[in-house]
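Let me begin by presenting the structure, written as structure tokens, before commenting on it.
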Amino acid sequence: MPSFIKMAKWHRLVPQVCSKLKQLQYKPSPGISSEMNQLEYRIRRKALKHLAMLSKISNQLDKHKIRFIVLKGSALSQLIYNDSAQRQSNDIDILIDRRDVEKVESILIENLNFSQGVPFSGATARQKEFIDSVRKDRGYFHQQDRIILEVHWGFTAVEHPINRSFHDLWQSTIKAELQLNQTFHTLPMNLLWLYQCQHGAESGWYRLRWINDIAMLLIYYPPDWDSLLEQASEFGTRRSLIEGVTLAASVYNLPLPSQIEEQGKAVQIGNEIEEARLFLTRMQLPSPMESARRSFRHAPKTKAMRNLLKNILIQPGDFERIRLPNGLFFLYYLIRPFSLLARRTKSQRPRGTATP
């Protein structure tokens with residue numbers, strides 16, 4: 001059985017566990033208590049570093065009149081936990097207008113010393129175009145501060161009704177006041193409900209933190225369920241909303257809203273709930289097949305199929321291993337079978353076996 005500390009770390013709930021232990025006045029063994037306190041200290045220290053970097057990013061983007069929305073992370077932590085360092089987060093996520101992606105990338109690299117992560121540094125224009133078409137974000141890394149930044153232009157990689165225009169999203173944002181006297185734009189409560197449920201459902205709920213977020217929203221920010229369900233239907237997230245709320249109520253023994261219970265019977269989500277519980281206890285990432293199945297459940301099927309085929313026909317990892325100019329991009333389709341065979345052979349080779 002996984003250790004208590006390993007479970008808290010995997011599910012990214014160390015600050016919440018520490019707070020609950022203090023609230024209950026329960027003292028675990030000295031070794032566990034000491035390690036948990038050290039972990040919480042490092043997590044809170046990282047959260048403060050994230051806030052400081054967010055401030056720098058904000059200053060730079062403001063100078064260039066580029067708007068952005070903070071997703072998850074510090075803003076979500078402040079909204080639902082009333083503490084911008086309470087929710088454990090390994091990266092910073094911001095959402096921008098897709099038309100500003102190249103401009104933002106230049107600012108991050110030239111003015112803030114970020115390096116490219118995904119797409120990799122040196123990717124051609126055609127390679128970037130392909131990678132962007134199967135993703136919803138670009139990734140960057142700040143070497144000195146050890147900070148990962150994801151710059152999103154959508155909520156899902158698959159073309160989906162929840163991916164609204166940035167203009168419409170910006171018009172509906174609310175302001176979150178964080179520590180260090182900082183204020184950032186973030187998602188309004190109804191859209192936050194839909195986004196958190198969609199994100200968790202597509203991912204497979206393999207971290208308890210996501211379910212904990214939904215439970216906190218259930219307790220402290222119950223919505224007008226009829227209105228939220230209507231909006232979820234418009235945004236293509238009704239199934240994920242029902243799944244997320246049902247799962248949170250089940251795991252945390254909370255009352256299930258009657259509207260959600262009624263809708264749950266209609267869409268028959270029992271298998272998804274059992275699958276999510278399995279992911280929670282298994283404590284490992286879903287397999288590619290499990291992820292694909294989840295994508296088909298929670299996205300328009302034709303769009304999900306298109307995204308899946310693109311990922312099958314070309315592996316972006318080949319771009320870095322085999323550098324081809326834009327004019328020869330079509331050759332990656334021919335390289336793919338050999339790339340798959342090489343990776344399969346390598347994965348089956350016993351450890352310690354030398355490469356010929």
Side-chain angles (χ1 to χ4, degrees), residues 1-57 70-94 112-115 117 139-150 176-182 184 186 196 199-200 203-217 219-220 248 251-252 277 279-286:
M1 181 177 177
S3 70
F4 177 77
I5 291 176
K6 183 179 179 181
M7 291 174 70
K9 288 169 66 177
W10 169 261
H11 290 296
R12 297 186 181 168
L13 285 172
V14 170
Q16 289 91 331
V17 170
C18 288
S19 296
K20 196 64 178 179
L21 290 175
K22 290 171 188 173
Q23 181 185 336
L24 296 173
Q25 297 184 339
Y26 176 79
K27 294 183 179 179
S29 66
I32 290 178
S33 181
S34 174
E35 187 170 351
M36 289 293 287
N37 288 336
Q38 289 177 30
L39 285 170
E40 183 184 26
Y41 170 77
R42 289 200 292 268
I43 288 164
R44 288 188 170 276
R45 188 164 175 262
K46 178 185 280 190
L48 289 175
K49 289 175 70 174
H50 282 184
L51 278 172
M53 182 57 73
L54 259 179
S55 180
K56 293 177 183 178
I57 293 170
V70 178
L71 299 178
K72 303 180 287 187
S74 301
L76 178 59
S77 186
Q78 185 65 45
L79 281 174
I80 65 178
Y81 296 101
N82 199 32
D83 179 349
S84 53
Q86 180 72 0
R87 185 181 185 274
Q88 187 174 343
S89 182
N90 282 0
D91 56 19
I92 299 172
D93 295 89
I94 64 173
L112 291 171
N113 297 318
F114 275 92
S115 58
Y140 304 91
F141 183 65
H142 196 276
Q143 183 67 39
Q144 182 179 347
D145 292 334
R146 314 297 295 174
I147 289 175
I148 299 169
L149 170 68
E150 291 187 352
E177 295 183 8
L178 311 184
Q179 293 175 1
L180 307 179
N181 297 318
Q182 298 180 85
F184 297 105
T186 191
Q196 291 301 121
H199 175 67
S203 302
W205 304 106
Y206 59 84
R207 295 200 198 277
L208 187 57
R209 177 186 63 176
W210 299 326
I211 303 171
N212 195 78
D213 292 340
I214 304 302
M216 292 293 289
L217 288 170
I219 295 168
Y220 297 108
V251 170
Y252 286 92
R277 284 181 170 276
F279 287 158
L280 285 174
T281 55
R282 194 174 64 180
M283 289 174 54
Q284 65 186 49
L285 297 174

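With hydrogens and angles disregarded, no donor-acceptor distance shorter than 3.5 Å links the side chain of Ser33 to the backbone of Pro28. The backbone N or O of Ala85 sits less than 3.5 Å from a side-chain atom of Asp83, completing a donor-acceptor pair. Between the side chain of Ser89 and the main chain of Gly73, no donor-acceptor pair closer than 3.5 Å is present. When atom types are taken as modelled, the side chain of Ser84 and the backbone of Gln78 share no donor-acceptor pair closer than 3.5 angstrom.
Side-chain contact between Ile5 and Ile32: present, with at least one pair of heavy atoms (C-beta onward) separated by less than 4.5 Å. Between Ile57 and Leu112 the shortest side-chain heavy-atom distance falls below 4.5 Å. Counting heavy atoms from C-beta on, the side chains of Leu178 and Leu51 come closer than 4.5 Å. Side-chain contact between Val70 and Asp93: absent, with no pair of heavy atoms (C-beta onward) separated by less than 4.5 Å. The shortest distance between side-chain heavy atoms of Val14 and Met36 falls below 4.5 Å. At a threshold of 4.5 Å between non-hydrogen side-chain atoms, the residues Ile92 and Ile147 count as touching. By the 4.5 Å heavy-atom criterion applied to side chains, Leu149 and Phe141 are not counted as neighbours.
Nearest heavy atom pair, residue Ile211 against residue Ala248, reads CG2-CA, 3.6 Å. In plain terms, the two heavy atoms of Lys56 and Asp145 that are nearest each other are NZ-OD2, 4.4 Å. A pairwise comparison of heavy atoms in Arg277 and Val251 identifies NH2-N, 3.9 Å as the closest pair. Between Tyr206 and Trp10 the shortest heavy-atom distance is O-NE1, 3.1 Å. Here the closest heavy-atom approach between residue Ser74 and residue Ala47 is recorded as OG-O, 4.5 Å.
Residue pairs meeting the salt bridge (charged side-chain N to carboxylate O under 4.0 Å, His left out) criterion with at least one member in residues 19-28, sequence neighbours excluded, are Lys22-Glu40.
Going from atom CZ of Phe4 over to atom CD of Glu35 covers 11.0 Å, rounded to the nearest 0.5 Å. Taken to the nearest 0.5 Å, the CG atom of Leu280 stands 5.5 Å off from the NE2 atom of His11. For the atom pair Arg44 CZ and Leu39 CG, the distance stands at 13.0 Å (nearest 0.5 Å). If you take CZ on Arg209 and CD on Gln88, they are separated by 7.0 Å, rounding to the nearest 0.5 Å. Rounded to the nearest 0.5 Å, atoms CD (Gln144) and CE (Met53) are 8.0 Å apart. Distance CG/Leu54 to NZ/Lys49: 14.0 Å, rounded to 0.5 Å.
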Residues Ser34, Gln38; criterion side-chain hydrogen bond (donor to acceptor under 3.5 Å, both in side chains); working and verdict: CA-CA 6 Å; Ser34 174; Gln38 289 177 30; 3.3 Å; yes
Candidate pair Tyr81 and Gln16, rule side chain to side chain contact (heavy atoms under 4.5 Å, CB included), full reasoning: CA-CA 9 Å; Tyr81 296 101; Gln16 289 91 331; 3.4 Å; yes
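Side-chain contact of Gln143 with Ser115: a donor-acceptor pair under 3.5 Å is absent, judged by distance alone. A donor-acceptor pair shorter than 3.5 Å cannot be found between the side chains of Tyr220 and Asn82.
Taking the six-membered ring for Trp and thresholds of 30 and 60 degrees, His199 and Trp210 have ring planes more than 60 degrees apart, a perpendicular arrangement.
For Tyr41, the side-chain contact (heavy atoms from CB on, under 4.5 Å) partners at least two apart in sequence or on another chain are Arg45.
Heavy-atom contacts from other residues, nucleotides or ligands closer than 6.0 Å to NZ of Lys9 number 12 or fewer.
Between Asp91 and Lys46 there is no salt bridge, since none of the side-chain N atoms of the basic residue sits less than 4.0 Å from a carboxylate O of the acidic one.
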